[in-house]
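Input: a single structure, listed below in structure tokens.
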Amino acid sequence: MSENAEFDANATPICVTGASGFIAAHLTAQLLECGYTTVRGTVRNADDAQRYAYLTSLPQANGRLELVAADLLDWPSLDRAVSGCRCVFHTASPYVLDTKHPQTDLVDPAVQGTLGILEACLKSPSVQRVVITSSMAAITDQPGDDVLTEADWNKRSSLTRNPYYYSKTLAERAAWDFVEQHSPNFEVVVINPFMVIGPSHGPGLNTSNAVIAEIIQGKMPGILSLAWGFVDVRDVALAHIRAMQNPRAAGRYLCAHETWTMAELVSRLKSLELDQHHLPSMNLDHAAGRLLVRLLSYFQPPGRRSYLQTNLGRIPKFDNSKIKTELGIEFRPLEDTLRDTVEDLQRWGHI
Ligand code: NAP
């Protein structure tokens, strides 16, 4: 994208794939709020108006948000979705930890969807930039002692070990390989969020917010030796927009604010003084606890099992300076994010 190519609010549409998703709905809302005239969101069931009422009733959506049908495995639908757009945000990808068919349920849509979008953009000369939602999952599936940066790549996941992580890694690799092979006229920028939480525009319970809900509902056996690099969904959406707006944005952007252990998370949740909760109290965040949880992990579905086995006792450390300095992201306090998340989980009846 050329210098001073700040997007004109009256210019061609901006496409958001998977607009119904947790992150994409915030992105769509913020794009409308910023004044971009036409936002074209892709959904899988465009005829089901009721299902997407939370999108079509967003402030300023009337006449400016168009929902079109697209499926990641149906490439002609992707061609139609991006045709004539100036920027494409590719966020759609299945986000589930457990599935019996990781190749068809996770890897195929993630990889084929990314390649399909990039092929479609090649055919549409209007496209100047594609912003892809990758993940911290493409950086590592087993944090070690080193500080993680954009230079790190997940080399360990497979169809049997953290298959969701595998799908995100293969999809992002495919995108960069595509850029190398085709030298397209458009630029590709990638956002790599960690554990995204926050309020949801839609009624669905996102996989990452579900972790907070499970903890509050007492579905965890105790306080486990786990830790996550959290980030607010509203900051993630803004990072995507800045990645479109900033002509110098390039490469990957690790998008995470702060690491909290599960013990810290539970203590913050306690301080919110929830009316009805079953927060875990048994401390399993020690060597014997880790051993016990490791044994218990063998009785978990495969996705959860491999997640526990690769993350127990590991505290991720990361360097988020690139997104702060280059995209100007100032992460909001995580305490506020957690409070908003819990209030929202209550609002939707998830807890
Ligand atoms: P989400 O709420 O589950 O959204 C996923 C979106 O992808 C939904 O709109 C879904 O459509 C769409 N989708 C899935 N399979 C599709 C297919 N075959 N064809 C068309 N659309 C399909 O998850 P999210 O958290 O917002 O995730 C958005 C992106 O962020 C994903 O790429 C995810 O990997 C990435 N990410 C998420 C997190 C996190 O913590 N949430 C962290 C890092 C990266 P339906 O509504 O029809 O199912």
Side-chain angles (χ1 to χ4, degrees), residues 15-29 41-48 51-52 54-55 67-78 80-81 89-97 99 101 104-117 120 131-141 154 157 162-172 174-175 190-212 228-237 239-240 252-257 307 316 318 337 341 348:
C15 178
V16 178
T17 69
S20 56
F22 174 51
I23 295 173
H26 278 278
L27 175 56
T28 302
T42 80
V43 291
R44 283 198 265 191
N45 304 284
D47 294 337
D48 189 348
R51 182 171 176 165
Y52 304 114
Y54 63 92
L55 293 174
L67 294 183
V68 300
D71 190 287
L72 294 173
L73 297 175
D74 172 10
W75 282 23
S77 72
L78 303 182
R80 289 191 292 275
F89 291 99
H90 179 46
T91 80
S93 204
Y95 179 29
V96 286
L97 290 186
T99 159
H101 310 288
T104 48
D105 293 349
L106 284 168
V107 173
D108 290 347
V111 175
Q112 293 309 314
T114 301
L115 289 175
I117 281 292
V131 179
I132 297 177
T133 318
S134 182
S135 172
M136 191 70 175
I139 288 181
T140 185
D141 79 344
N154 172 2
S157 296
N162 293 322
Y164 164 71
Y165 289 65
Y166 188 52
S167 73
K168 295 302 289 180
T169 308
L170 292 184
E172 194 193 330
V190 168
I191 305 290
N192 299 79
F194 208 147
M195 182 80 162
V196 186
I197 59 170
S200 173
H201 281 291
L205 178 59
N206 183 261
T207 301
S208 39
N209 274 347
V211 172
I212 309 289
W228 300 274
F230 288 103
V231 59
D232 190 295
V233 66
R234 294 160 290 193
D235 294 339
V236 176
H240 282 70
R252 318 170 87 190
Y253 288 92
L254 192 156
C255 184
H257 180 200
Y307 176 78
F318 50 80
T337 303
T341 307
W348 287 113

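Position 1 is the first residue of the sequence; numbering continues from there. First listed ligand is number 1; within each ligand, the first listed atom is number 1.
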Just need the protein heavy atom nearest to [atom], so name the residue and atom and give the distance.
{"atom": "atom 9 (O) of ligand 1", "value": "Ser20 OG, 2.8 Å"}
{"atom": "atom 42 (C) of ligand 1", "value": "Phe194 O, 2.9 Å"}
{"atom": "atom 25 (O) of ligand 1", "value": "Asn206 ND2, 2.8 Å"}
{"atom": "atom 2 (O) of ligand 1", "value": "Phe22 N, 2.9 Å"}
{"atom": "atom 48 (O) of ligand 1", "value": "Arg44 NH2, 2.9 Å"}
{"atom": "atom 36 (N) of ligand 1", "value": "Tyr164 OH, 3.7 Å"}
{"atom": "atom 7 (O) of ligand 1", "value": "Ser93 N, 3.2 Å"}
{"atom": "atom 19 (N) of ligand 1", "value": "Leu72 N, 2.9 Å"}

Item to check | Closest non-hydrogen atom pair between Met136 and Phe318, with its separation | outcome: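 For Met136 versus Phe318, the nearest heavy atoms are CE-CB, 4.3 Å.
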Next on the checklist: Looking at every non-hydrogen atom in both residues, tell me the closest pair between Ile117 and Thr17 and how far apart they are.
Outcome noted: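 Result for this residue pair: CD1-CG2, 3.6 Å.
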Indicate yes or no: does an N/O atom of [X] lie under 3.5 Å from an N/O atom of ligand 1?
{"X": "Thr91", "value": "yes"}
{"X": "Asn45", "value": "no"}
{"X": "Gly21", "value": "yes"}
{"X": "Ser135", "value": "no"}

Proximal ligand 1 atoms for [X], defined as those under 4.0 Å from one of its heavy atoms:
{"X": "Gly18", "result": "9 (O)"}
{"X": "Ala92", "result": "7 (O), 12 (C), 21 (N)"}
{"X": "Lys168", "result": "31 (C), 32 (O), 33 (C), 34 (O)"}
{"X": "Thr133", "result": "29 (C), 30 (O), 32 (O), 35 (C)"}
{"X": "Ser208", "result": "39 (C), 40 (O), 41 (N)"}

Are the side chain of [X] and the backbone N or O of [Y] linked by a donor-acceptor pair below 3.5 Å?
{"X": "Asn209", "Y": "Pro199", "result": "no"}
{"X": "Thr207", "Y": "Tyr95", "result": "yes"}
{"X": "Tyr164", "Y": "Pro94", "result": "no"}

Next on the checklist: Please enumerate all residues that pass ring-ring contact (aromatic ring centres under 6.0 Å, His included) together with His257, with sequence neighbours excluded.
Outcome noted: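 Only Phe331 meet the ring-ring contact (aromatic ring centres under 6.0 Å, His included) criterion with His257.
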Item to check | Which residues share a ring-ring contact (aromatic ring centres under 6.0 Å, His included) with Tyr54, sequence neighbours left out | outcome: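 Tyr54: no ring-ring contact (aromatic ring centres under 6.0 Å, His included) contacts found.
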So how far is it from [X] [atom1] to [Y] [atom2], rounded to the nearest 0.5 Å?
{"X": "Thr133", "Y": "Ile23", "atom1": "OG1", "atom2": "CD1", "result": "6.0 Å"}
{"X": "Leu97", "Y": "Tyr165", "atom1": "CG", "atom2": "OH", "result": "6.5 Å"}
{"X": "Tyr253", "Y": "His240", "atom1": "OH", "atom2": "NE2", "result": "12.5 Å"}

Checklist entry - Phe230 pairs by side chain to side chain contact (heavy atoms under 4.5 Å, CB included) with which of Thr341, Val196, Ile212? => result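 Only one of Thr341, Val196, Ile212 forms a side chain to side chain contact (heavy atoms under 4.5 Å, CB included) with Phe230, namely Ile212.
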Checklist entry - Using a distance-only test with no angle check, is there a side-chain donor-acceptor pair under 3.5 angstrom linking Ser157 and Asn162? => result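 Note: Ser157 and Asn162 side chains miss the donor-acceptor criterion.
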Item to check | Candidate with minimal heavy-atom separation from atom 43 (C) of ligand 1, of Ala137, Gly204, Pro193, Gly41 | outcome: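 Looking at heavy atoms only, the winner is Pro193.
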Next on the checklist: Minimum distance, heavy atoms only, to atom 40 (O) of ligand 1: which one of Val196, Val211, Asp48, Ile23 is it?
Outcome noted: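 It is Val196 whose heavy atom sits nearest to atom 40 (O) of ligand 1.
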Next on the checklist: Would Leu73 count as a contact residue for ligand 1, given that I'm defining contact as a non-hydrogen atom of the residue lying under 4.0 Å from a ligand atom?
Outcome noted: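 False for this residue.
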Item to check | contact_flag Ser167 ligand 1 heavy-atom lt 4.0 Å | outcome: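 So Ser167 does not count as touching ligand 1.
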Item to check | Verdict with reasoning, Val211 to Trp228, per side chain to side chain contact (heavy atoms under 4.5 Å, CB included) | outcome: CA-CA 11 Å; Val211 172; Trp228 300 274; 3.9 Å; yes
Checklist entry - When you look for heavy atoms under 4.0 Å from ligand 1, do you find them on the side chain of Ser134, its backbone, both, or neither? => result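 Ser134 to ligand 1: backbone contact only, side chain stays beyond 4.0 Å.
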